[in-house]
Structure formats: C-alpha cells, structure tokens
Student: 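Got a structure here, written out as structure tokens. Questions coming.
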Amino acid sequence: MAMTNQQVAGVLDEIGDILEIQGENRFRVVSYRRGAESVRSLQRDINQVWQAGELETIPGVGEALSKKIDELLRTGQLGYLEKLHEQVPPGVVSLLQIPEVGPSKARAMWERLGITSVEEAEEAARAGRLHELPGFGAKTEAKILANIETLRRRQKSGRTPIGEALPAARALLAGLQAAAPGIERAALAGSLRRWRDTIGDLDLLVASTAPEPVMAAFRSLPQVAEVLLSGPTKTSIRLGSGLQVDLRVLEPARWGTALQYFTGSQQHNIELRELALRQGWSLNEYALSSTKSGEERLCANEEDVYSALGLPWIPPELREGRGEIAAARQKKLPALVTLADIKGELHAHSTYSDGRNSLAEMAAAARARGYRYFAFTDHSQSLGVTGGMSPDDWRAQRDELAKVRADFPDMLILQGAEVEVRAGGTLDYPDELLAEMDVVVAAVHVSHRQPREQITQRALNALRNPHVDVLAHPSGRLLGRREPSEVDLDRVIEVAAETGTVLEINAHPVRLDLDDVHARRAVELGVPLVINTDSHSPADMEYLEYGVEVARRAWAGAGNVFNTWEPERLLEYLRRRGKAQADQG
Ligand code: DGT
Ligand code: CA
Ligand code: CA
C-alpha cells in the first residue's frame with residue numbers, strides 16, 4: 001500500500017522524537033523535523049516525486065533523508081526506525097503528547113521509573129512517584145496529571161473548542177505585536193478566522209520584511225511550552241494546553257495571497273484554484289502566476305486575489321466549499337448579520353435561579369451594551385440543581401421587575417422563563433402560567449440520552465405548544481464534554497417552520513447550538529433564529545460574538561435573526577403567538 005505524504009512525514013517526526021529523547025545532537029534532530037515539515041507541506045504526491053527520482057529536490061531533504069524515504073516507499077518499512085524502537089520503546093515517544101512533557105521529562109520517566117505509556121504516567125503521578133524525579137517537583141506532577149486529562153479530552157475529537165482557542169490566539173498575536181519590531185500586518189488565519197466551532201491548530205500570519213526577529217520574539221513568548229520547529233518562513237510551537245500554533249512570516253507584497261491561502265478552507269482553496277486555472281492563472285500562497293508566461297501577479301490584499309478572478313471578496317465564514325464561490329460568481333452572496341445588528345437578548349438568568357447577579361445588575365449591563373430589550377428567563381421549577389423557580393417565585397420576580405423597569409425606561413424588559421421540557425415530554429409549568437409570560441424559552445436539560453424517537457418527540461411537543469416562543473440550544477451538546485443528543489434536528493427545523501417557533505443559536509462558546517449546518521437549514525426554511533448568550537452574569541454577555549459568527553457561517557442576514565428586529569416588531573410577533581403581555585412598548 002502506497003504511503004501518503006502525511007504518513008511519511010509522521011515517520012520522520014517520530015525519528016526526530018526518538019533522537020531527541022536519546023539526547024542526540026540538535027542538528028540531527030532538526031534535520032528530521034525540517035524534512036517532515038517539507039514532506040507534509042509538499043504540493044505533490046511524494047510517490048510521484050520518488051518515482052521521478054526527485055526526492056532530493058524537496059527542501060530540507062538531503063541524501064541521508066532521501067535514502068530513508070526511498071526505503072520506506074519501496075518496502076513500507078524502515079530498518080533505521082526499527083533499530084531506534086529497540087533502543088526507545090514507542091510508548092515512551094507517546095509521552096511527548098502530554099502537554100508540557102518534553103524529551104528530557106519523557107526520558108526521565110522512562111529511565112528512572114520504567115514508564116512506557118500515558119496510562120503508566122498517570123498512575124505514577126496519582127501515586128505521587130513523579131515529583132521525586134530530578135527537575136519535576138509537586139507542581140509539575142499536578143500539572144502533568146491535569147494535562148493528561150486535557151489530552152484525553154482532546155484525543156477524543158483531536159480538536160479544541162473555539163472558546164479556548166480564540167482567546168489564546170488573540171493573546172499570542174497581541175504579545176507578538178508588542179514584542180517584535182517591524183510587523184507591518186498581522187492576522188489570525190485558518191479555521192479560527194473562519195470561526196469553526198472547533199479548531200485543529202492555530203494559524204498566525206505576519207507580514208514583515210525582516211522575519212527572523214519576529215520568529216525570535218515568537219519563540220520567546222511566555223505561553224510557549226515547546227518549539228516544534230523554527231525556520232525562516234514558519235515556526236511551530238506548542239502551548240501548555242497542547243495546542244499547536246503555526247506562525248508564518250511573509251513579504252508584505254504577498255500578504256493577500258498568503259492570507260487567502262492560509263485562511264482556507266482547503267476545499268474552498270481547491271475550488272478557487274480550479275476557477276483560477278480556467279482563467280489562465282495558477283494560484284498559490286505566493287502569487288497568481290500566468291500559466292502561459294509564468295509571470296507573477298502579486299496581491300498585497302485579499303480583495304485583489306478575488307477581484308483578479310472576477311469575484312467579490314468572500315467573507316471567511318463562508319469559505320467552506322458550500323456553494324460560496326458559485327454564489328459569489330452570480331453576485332448572490334448574502335449580506336451577513338453583524339454584531340452591531342443585535343438589539344437585545346432573550347435568554348438570561350438572575351439570582352432567581354442559577355444566575356450570579358440581581359435583576360437590576362443584569363439590566364444595567366444590558367443597557368450598557370445599548371440593548372433595546374432584554375428578557376429574564378430563569379429556570380423553571382423541576383430543574384432543582386439550578387434552583388428553579390416555583391410559580392410563586394416567578395410572581396415574586398414579576399413584582400420586583402415592575403420596580404426595576406422604572407429605572408430603565410428606554411429598554412424593554414421582558415419576563416419569561418427557561419421552561420424545562422420534562423423527560424415525559426410535558427412542560428414544567430401549566431399553560432395558564434405560560435400564558436402570563438412575555439416570552440417562553442423551552443429547553444431540554446434532563447434525560448439528554450433518550451433514544452431518538454423520544455427526545456425528538458419532546459422537542460416537537462415544545463414547538464407545538466402555542467405558548468412556547470423559543471427552543472433553546474436544541475441539541476444539548478457541550479463542546480469537548482458532551483455529544484449532542486440523538487434529537488432529529490432536521491425534523492425540529494421543519495416543524496419550527498410550521499409553528500413559527502424561533503430556534504436559538506446559543507452563543508455560549510461551549511454550546512454553539514444550533515451549529516452552523518443546522519442553522520443554515522433553518523435560514524433556508526425561513527425559521528427565525530435568535531442569538532442568545534444565556535448569560536448568568538454580565539461578563540457572559542461578551543459571548544455574543546461567537547453566536548453571531550455561527551449565524552454568519554449559516555449564511556444568515558440580519559432579517560433571519562429575531563433579535564435584530566425592532567422592539568415593536570418583535571413584540572408584535574410574540575403577541576401574535578398569543579402571549580406577550582408586556583405593559584411597555
Ligand atoms: P484546523 O486547523 O483543522 O482547524 O483547520 P484549518 O483550516 O486551520 O487547517 P490547517 O491548519 O491545516 O491549514 C490552514 C489552511 O491552510 C487551510 O485552511 C487551507 C490551507 N492549506 C493547508 N494545507 C493545504 C493543502 O494541502 N491544500 C490546500 N489547498 N490548502 C491547504
Ligand atoms: Ca489550523
Ligand atoms: Ca496549521
């Protein structure tokens with residue numbers, strides 16, 4: 001079986017790892033790392049290069065490496081690696097996957113305690129045997145234990161929730177800009193710039209005419225746990241969390257093509273490159289080049305790349321190869337909703353259930369954001385863990401809100417509840433109480449693991465209750481922690497289209513639920529979406545951006561998003577659904 005570029009690169013990296021654990025000289029280690037990186041980023045199939053006898057033309061692949069690659073592709077094996085495995089068991093190399101465990105720590109664990117797997121490392125840490133090793137200590141031991149848990153979580157999906165990745169990336173970029181001289185432009189690229197809900201690795205891009213000081217500053221940032229590779233155009237590091245970060249530095253004149261390329265997605269790039277070829281251009285991260293003359297056309301801005309191909313600039317959130325290039329060609333790209341379009345929030349908590357702040361504090365925070373309306377939707381009674389409201393609690397809240405409203409004459413304050421759809425499918429409050437509420441948000445929290453039929457039926461029951469206005473976080477997923485329920489979201493969206501129920505995009509970065517794909521389906525069927533932060537404190541309101549980005553990835557315009565509407569129109573919609581009795585507006 002032919003090996004892929006990735007597999008060959010993986011073998012070279014493994015050799016680098018073993019040599020490092022053995023304490024081999026830096027130069028040899030780096031030569032394998034460079035070779036691995038070149039093979040990984042090669043634009044051609046390595047088997048073709050090999051058959052053409054051109055292995056040594058790959059940057060960083062000299063005579064020694066090309067011999068090993070030749071043996072590998074010819075026989076599927078490598079004698080040298082087998083010899084290394086006799087010296088250092090593969091399990092020892094696997095210890096390097098634990099964030100903050102580098103070659104010297106892995107070697108110490110193996111040589112002194114005979115540890116040859118992540119499981120054994122965990123056992124040793126729990127038994128308190130690690131902290132006696134030289135260079136370890138109690139703090140390191142505790143950290144390793146925590147990092148093993150991070151690793152486990154990550155290994156399940158191999159990806160990091162955007163809520164962890166984005167703050168880390170922004171801090172790195174800010175740190176780099178403060179530390180390095182001569183940065184002309186800097187940006188986040190990759191899946192982060194496209195706002196995918198989970199991130200494989202971070203991609204940073206810098207334009208500068210002097211790359212080396214930028215790379216040096218990057219390697220010295222305090223967050224860097226390990227430098228994986230560092231060359232003139234690319235440096236890869238690992239953060240303490242285990243996340244990998246790739247920094248690329250390029251000439252300012254080529255910024256546009258580079259940013260376009262490294263933003264991806266790969267599928268979008270492939271389609272764009274095909275379109276370019278049909279127009280006589282070959283497109284890569286460096287330039288557009290005429291396929292006839294080879295002459296380069298440099299693009300300093302991303303807009304230049306798209307306009308050279310007769311296209312308007314395409315927002316990164318749409319670049320997933322889901323029809324965006326065709327839409328751009330027909331001038332049918334949607335005008336996407338923006339953060340500034342959002343006029344209020346319809347899902348928030350206070351101390352009446354599990355929120356941390358009073359009604360007045362939350363309302364003040366909402367007004368400070370310029371909101372025109374804000375709804376309190378504390379949990380209903382059956383959700384004991386959250387201190388859910390009994391009907392009497394709800395009425396007490398209503399009386400307090402009457403006073404709070406007087407201090408916020410310019411903001412419409414609504415009162416509702418986040419009403420549990422109980423395991424049996426009924427709602428947690430009687431219809432008479434629901435009818436008194438300005439806005440009813442229904443949600444499933446308990447018995448999340450029911451079979452598909454049953455949990456779908458619960459959601460449909462909620463949608464078909466005329467008092468229910470919004471279905472919150474419909475899949476119940478928690479990124480990196482809990483899989484979505486079995487609920488049939490396509491069916492939910494269809495029924496919401498019939499009942500006129502609003503579907504939530506929960507903006508909390510651990511939820512982002514609906515996800516982009518289902519939210520797009522809702523947009524197609526004309527189901528209004530509401531972007532809610534589900535705030536339990538004023539700080540949570542900052543999460544709004546994440547939800548807006550899901551809506552953008554779903555091709556939603558402002559008109560598709562319920563909480564961009566003017567207060568009058570929003571109230572009218574709720575009233576027509578038979579409930580809103582706000583005595584304001
Ligand atoms: P991730 O890291 O898995 O969340 O996703 P991305 O999209 O950030 O992927 P990554 O980090 O592997 O590469 C960043 C971008 O670079 C990617 O979106 C498109 C571009 N790119 C990388 N490798 C290739 C490739 O082999 N072909 C093409 N056309 N583009 C690539
Ligand atoms: Ca990436
Ligand atoms: Ca990357």
Side-chain angles (χ1 to χ4, degrees), residues 4-10 13 33 36-46 48-49 58 154-166 168-170 172-173 187-206 218 227-231 233-239 241-250 254-277 281-289 302 305 309 314-322 324-325 479-480 509 512 515-516 549-550 553:
T4 65
N5 293 23
Q6 293 298 327
Q7 287 168 323
V8 172
D13 261 335
R33 298 259 183 253
E37 186 52 35
S38 290
V39 171
R40 192 168 281 127
S41 56
L42 201 62
Q43 295 293 310
R44 293 166 64 194
D45 180 348
I46 185 127
Q48 287 177 1
V49 180
I58 302 173
R154 188 149 302 147
Q155 274 176 341
K156 262 213 214 133
S157 74
R159 307 183 63 83
T160 301
I162 189 169
E164 280 177 46
L166 185 63
R170 284 177 171 167
L172 280 169
L173 207 55
L188 305 177
S191 50
L192 210 48
R193 184 165 180 243
R194 305 195 312 276
W195 290 84
R196 269 195 71 174
D197 48 22
T198 61
I199 305 296
D201 67 6
L202 307 183
D203 300 282
L204 310 184
L205 226 54
V206 161
F218 185 58
V227 178
L228 303 172
L229 132 172
S230 190
T233 59
K234 179 178 172 189
T235 291
S236 294
I237 60 105
R238 213 194 317 268
L239 302 175
S241 63
L243 249 182
Q244 186 179 319
V245 189
D246 296 337
L247 168 68
R248 292 181 176 83
V249 182
L250 50 117
R254 299 181 191 271
W255 175 256
T257 35
L259 182 60
Q260 195 289 314
Y261 181 87
F262 290 112
T263 296
S265 66
Q266 189 163 338
Q267 191 55 39
H268 176 86
N269 286 357
I270 289 169
E271 290 177 28
L272 198 65
R273 208 158 50 206
E274 282 167 3
L275 178 69
L277 275 177
W281 297 103
S282 102
L283 170 63
N284 61 23
E285 61 266 53
Y286 305 108
L288 281 159
S289 314
E302 211 179 37
V305 181
L309 304 176
I314 300 177
E317 296 93 328
L318 300 184
R319 300 182 197 169
E320 294 291 346
R322 296 176 183 161
E324 69 279 5
I325 291 178
L479 285 168
L512 302 181
D515 65 16
D516 53 354
E549 289 294 341
V550 173
R553 285 176 59 82

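Note that ligands are numbered from 1 as they come in the structure, with each ligand's atoms numbered from 1 the same way.
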Student: With the Ca ion (ligand 3) as the reference point, give the N/O/S atom of Asp246 that is nearest.
Tutor: OD2
Student: Scan side-chain atoms only and decide if Thr263 and Arg193 contain a donor-acceptor pair under the 3.5 Å cut-off.
Tutor: yes
Student: At what distance is the nearest protein heavy atom to atom 17 (C) of ligand 1, and which residue and atom is it?
Tutor: Gly264 CA, 3.9 Å
Student: Should Glu324 and Arg194 count as an ion pair when the cut-off is N to O under 4.0 Å?
Tutor: no
Student: Pull out every atom of ligand 1 sitting under 4.0 Å from any heavy atom of Asp203, numbered as shown with elements.
Tutor: 8 (O), 11 (O), 14 (C)
Student: Could you state the interatomic distance from OG1 (Thr198) to CD1 (Ile162), rounded to the nearest 0.5 Å?
Tutor: 9.0 Å
Student: Judging by distance only, is a nitrogen or oxygen of Ser191 under 3.5 angstrom from one on ligand 1?
Tutor: yes
Student: So, does Arg159 sit close enough to ligand 1 that a heavy atom of it is under 4.0 Å from the ligand?
Tutor: yes
Student: Identify, by atom number and element, the atoms of ligand 1 in contact range of Phe262, meaning under 4.0 Å from any of its heavy atoms.
Tutor: 14 (C), 15 (C), 16 (O)
Student: Strictly under 4.0 Å, does any heavy atom of Arg194 approach an atom of ligand 1?
Tutor: yes
Student: Do you know which two heavy atoms are closest between Gly163 and Pro509, and how far apart they sit?
Tutor: CA-CB, 3.6 Å
Student: How close do Ser265 and Gly321 get, counting heavy atoms only, and between which atoms?
Tutor: OG-N, 4.3 Å
Student: For atom 7 (O) of ligand 1, state whether the nearest protein heavy atom is under 4.0 Å away.
Tutor: yes
Student: For the side chain of Thr257 and the backbone of Glu285, is there at least one donor-acceptor N/O pair under 3.5 Å apart?
Tutor: yes
Student: Begin from the C-alpha positions of Arg196 and Ser191 and carry the test side chain to side chain donor-acceptor pair (under 3.5 Å) through to its verdict.
Tutor: CA-CA 6 Å; Arg196 269 195 71 174; Ser191 50; 6.0 Å; no
Student: Using non-hydrogen atoms of the residue, decide whether Arg196 is closer than 4.0 angstrom to ligand 1.
Tutor: no
Student: Would you mind running through ligand 1 and noting each atom that sits below 4.0 Å from a heavy atom of Ile199?
Tutor: 4 (O)
Student: How long is the straight-line distance from CG of Leu272 back to CD of Gln260, given to the nearest 0.5 Å?
Tutor: 5.0 Å
Student: Can you tell which part of Asp201 has a heavy atom less than 4.0 Å from ligand 1: side chain, backbone, both or neither?
Tutor: both
Student: Side chain, backbone, both or neither: which part of Ser265 comes within less than 4.0 Å of ligand 1 when only heavy atoms are counted?
Tutor: backbone
Student: Just how far is it from atom CZ of Arg273 to atom CG of Leu288, taken to the nearest 0.5 Å?
Tutor: 12.0 Å
Student: Kindly report the OD2-the Ca ion (ligand 2)-OD1 angle for Asp203 and Asp201 respectively, rounded to 10°.
Tutor: 100°
Student: Please check if a non-hydrogen protein atom sits closer than 4.0 Å to atom 11 (O) of ligand 1.
Tutor: yes
Student: So which heavy atom in the protein is nearest atom 26 (O) of ligand 1, and how far is it from that ligand atom?
Tutor: Gln266 NE2, 3.6 Å
Student: Check whether the side chains of Gln267 and Asn269 place a donor and an acceptor atom closer than 3.5 Å, and report yes or no.
Tutor: no
Student: Relative to the heavy atoms of Gly200, which atoms of ligand 1 are at a distance of less than 4.0 Å?
Tutor: 1 (P), 2 (O), 3 (O), 4 (O)
Student: Can you list the ligand 1 atoms lying under 4.0 Å from a non-hydrogen atom of Thr263?
Tutor: 18 (O)
Student: Using a 4.0 Å cutoff against the non-hydrogen atoms of Asn269, which atoms of ligand 1 qualify?
Tutor: 19 (C), 20 (C), 29 (N), 30 (N)
Student: Taking the basic N atoms (NZ, or NE/NH1/NH2) and the acidic carboxylate oxygens, is any pair closer than 4.0 Å for Arg322 and Asp516?
Tutor: yes
Student: Would you call Arg319 and Glu302 a salt bridge, using N to O less than 4.0 angstrom?
Tutor: yes
Student: Run the side-chain contact (heavy atoms from CB on, under 4.5 Å) check on Leu239 and Leu172 step by step: do they pass?
Tutor: CA-CA 10 Å; Leu239 302 175; Leu172 280 169; 4.1 Å; yes
Student: If you take the nearest heavy atom of each of Glu320, Arg273, Gln267, which one is closest to atom 29 (N) of ligand 1?
Tutor: Arg273
Student: Which ligand 1 atoms are under 4.0 Å away from a heavy-atom of Gly190?
Tutor: 8 (O)
Student: Looking only at protein heavy atoms, identify the closest one to atom 31 (C) of ligand 1 and say how far it is in Å.
Tutor: Tyr261 OH, 3.3 Å
